[in-house]
Structure formats: structure tokens, C-alpha cells
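Here's the structure, in C-alpha cells; my notes come after.
Start at 1 and go down the list; that is how both ligands and their atoms are numbered.
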Amino acid sequence: MPAITRRTLLGSALGAAALTGAATHNAPGAAAVERPSIIGTATWGAEPAREPITMVGPPRTIVVHHTASANVSDVSQQAAYDIARQIQQWHFARGWADTGQHFTVSRGGFVLEGRHRTLEGLDGGQRQFPLGAHSLSQNRTALGIENQGTYTSTLPPAAQWQSLVRLCAFLCQTYALAPSAIQGHRTFDSTDCPGDAFFAELPRLRTDVAALLGGGGGTTQRPWPVLRPGATGFRVTCAQRLLRQAGHEAPTGGVFDDPTTAAVKAFQSSRSLDPDGVVGRLTWEAPLALTRRNGDRGEGVRAVQTALTARGASVTVDGIFGSVTQAAVERFQDAQGLTVDGVVGLDTWSRLLA
Ligand SMILES: [Zn+2]
């Protein structure tokens with residue numbers, strides 16, 4: 001971590017996370033990444049948080065840190081518990097409500113819950129996470145992972161690296177993030193974290209995560225369309241609806257005009273992508289094409305329904321993902337040889353738009 005991080009003030013109105021108990025879902029299209037074993041706060045002996053912990057989400061980014069503590073040779077589970085407790089005390093001493101980051105990966109490869117309620121968010125099926133205190137600029141939008149050690153000139157041990165890869169892959173799957181969402185702390189804040197040596201290896205981390213997710217080393221075979229200014233048609237309408245879903249102003253007329261280009265660039269900037277105004281694979285998977293499933297509502301669902309209609313399905317473009325839309329998605333998946341689950345993840349999105 002170390003960077004001056006502003007104490008997060010908690011808005012109580014957001015605190016009552018609406019958890020439905022829905023099962024954790026799998027990532028779009030990829031073979032499911034198994035949930036890694038994560039040691040909860042109660043198990044490692046955390047003190048209670050000193051203020052209520054607010055849930056936010058979904059995250060856009062995973063921020064990788066190092067603890068800048070000693071590169072200890074004790075790689076036991078006990079040592080993992082010890083560093084987790086130490087970090088909580090360091091963060092209390094800064095006046096924070098609780099451990100700042102969401103996860104801690106020990107030098108021995110143990111993965112621990114950091115901030116309270118992180119596992120609740122991870123397993124709750126709503127893509128929520130506790131508002132953290134690990135990055136001055138990204139707390140509201142980023143999951144934070146502290147890696148025990150100092151990696152300015154050496155790299156994390158193999159066990160730690162492998163645990164980090166598995167954790168990141170599972171987070172990408174659960175929160176519908178692309179491996180490109182994995183970033184080093186220094187990208188956002190004035191800090192050396194996570195150290196020069198570790199930071200230089202982040203491309204490999206993304207590649208390893210992509211491989212676990214079934215992305216084949218960071219590239220995928222998904223047949224995304226490439227949309228440029230001037231393009232017209234239902235694919236543009238879908239992109240426009242997805243931009244609106246992401247909070248950007250865009251028309252929905254199916255014409256890739258100047259306001260649409262501006263919205264694309266704003267979306268790309270918000271995802272740390274090159275703001276070139278062209279919607280290609282990286283932008284679709286940033287993800288502009290968020291997973292949509294039964295029960296969802298809004299512009300993203302309208303985009304699904306627009307694409308289904310263009311594919312000949314008989315659905316109403318009403319922004320409500322109900323049984324009729326789900327059945328149409330399942331028929332489309334079946335016809336395309338995709339996994340038939342009625343959920344529109346990246347694989348189904350890319351085929352709908354291809
Ligand atoms: Zn950091």
C-alpha cells in the first residue's frame with residue numbers, strides 16, 4: 001500500500017446491501033475458475049471494524065499492492081494470520097475503520113479476507129464489495145489486493161504468485177472484469193507500490209489470469225464487431241445502449257455519430273483504455289458488454305433484446321429480462337453451440353453482435 005489514503009467516510013444509506021442469496025455466477029463463456037480458499041476475518045482473528053462498512057459496486061478495477069513489509073521466510077499459515085492482524089493494526093493507527101484492502105496474499109500463498117464484508121460481497125452474487133481504503137483515487141471503484149512483501153527489486157515467491165493469479169481470475173469471473181482491469185497501485189496514485197520489479201510483471205499477471213479464464217494468453221477468439229464513427233445498424237444501437245448503461249450520454253438511433261464517439265471515448269478513458277473512439281474487442285470486454293441475466297433491467301437488457309430481435313427472435317425491447325428474453329437467449333445459445341444457460345456473458349454477447 002503505502003500511500004496517503006484518505007479515510008473513507010461511510011454513507012449509511014448505502015450500507016444495507018441488498019443481498020438476494022443468488023449463487024455466484026460464472027464468467028461469461030469461460031470454463032469456470034474454481035473459487036480459491038479465502039481465510040475469513042473471523043478465522044484469522046480480526047478485530048471488529050470500528051465503523052459500519054458500506055457496500056458499493058460493481059468494481060471496475062483490481063488494484064495490486066505490496067505491503068512494503070519484510071520479505072519474511074516464514075511462509076506458514078500462522079505467519080499469514082500475523083500479517084493480516086498487523087495490517088489491521090497499522091490501518092487502525094491511520095484512523096481507518098478497518099483493514100484498507102479487500103484481500104491479502106501472504107508470502108506462503110495464503111489468501112485472506114482483508115476488510116470485513118469482502119467475502120459477503122464476493123459470494124453474494126450482486127457484484128458488490130466493501131468501500132475500501134487502499135487507493136486514494138480508486139476506493140469506490142476498485143478491489144484492492146495487498147501482497148505481503150517488498151517487491152522493488154525481487155518478485156513474489158511462486159506460491160504467492162500462483163495464489164494471486166487464481167484470486168485475480170476468480171475476481172474477474174465473479175465481477176465480470178477483463179484481465180486488463182488488473183492494475184498496479186502506482187498507475188493511480190503517487191506511490192512506488194507495488195514496487196518496480198512487481199509492477200514490471202503485471203503484463204504477465206494479466207496473461208496468466210487470462211489463461212485461467214480460458215482467454216488463451218490474453219487474446220480471445222470471440223468474434224467481436226469493430227464499430228467506428230459513421231457505422232450504422234443494430235450493433236451500433238446495442239453499443240449505444242451499453243454506453244448508456246455505463247452512465248454515458250449516447251443517442252440510441254443506431255448511427256455512430258459525434259455524441260456516440262464522445263461517449264465511447266469517455267467510457268474508454270474510464271476503463272484505462274486508449275480513448276480512440278473505436279469499439280473493438282478491448283472496449284467490448286472492458287466490459288462494455290456486461291453480463292445480463294434474468295431479473296436484470298435497463299439499457300443493457302434493451303441492448304440484449306435489440307440484438308435478439310435483429311437475430312429474428314420475437315422479444316419486446318422493454319428493458320426487462322424475464323422468461324421470454326431468457327428463452328430467446330437459450331434458443332440463440334443452442335443454435336450457436338454455446339453453453340445454454342440463458343445468461344448473456346461475453347461469449348453470447350460477441351455472437352449476438354457478430
Ligand atoms: Zn499500494
inquiry  = For His185 and His66, I'd like to know if the aromatic rings sit close, meaning centre-to-centre distance below 6.0 Å.
reply    =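 Not close enough - the centres of the two rings lie 6.0 Å or further apart.
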ask   = Of all N, O or S atoms in His65, which has the smallest distance to the Zn ion (ligand 1)?
value =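 Of all N, O or S atoms in His65, the Zn ion (ligand 1) lies closest to ND1.
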message = Please give the atom name: the N, O or S atom of His185 nearest to the Zn ion (ligand 1).
response = ND1
key: Ring-face cation of Arg204 near Trp161 (centre distance under 6.0 Å, axis angle within 45°)   =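 Yes - Arg204 lies over the ring of Trp161, closer than 6.0 Å to its centre and within 45° of its axis.
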query = Do the numbers put Arg228 on top of the ring of Phe256, so that NZ or CZ is under 6.0 Å from the six-membered ring centre and no more than 45° off the axis?
reply =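 No, cation not above the ring by the 6.0 Å, 45° rule.
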query = Is it true that Leu167 and Leu213 fall in one hydrophobic cluster, defined by side-chain heavy atoms closer than 4.5 Å?
reply =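 In one cluster: yes.
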task = Flag His66 as yes if one of its N/O/S atoms falls below 2.8 Å of the Zn ion (ligand 1), otherwise no.
result =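 Under 2.8 Å: His66 has no N, O or S contact with the Zn ion (ligand 1).
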ask   = Would His134 count as a contact for the Zn ion (ligand 1), in the sense that one of its N, O or S atoms lies under 2.8 Å from it?
value =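 So His134 does not bind the Zn ion (ligand 1) by this criterion.
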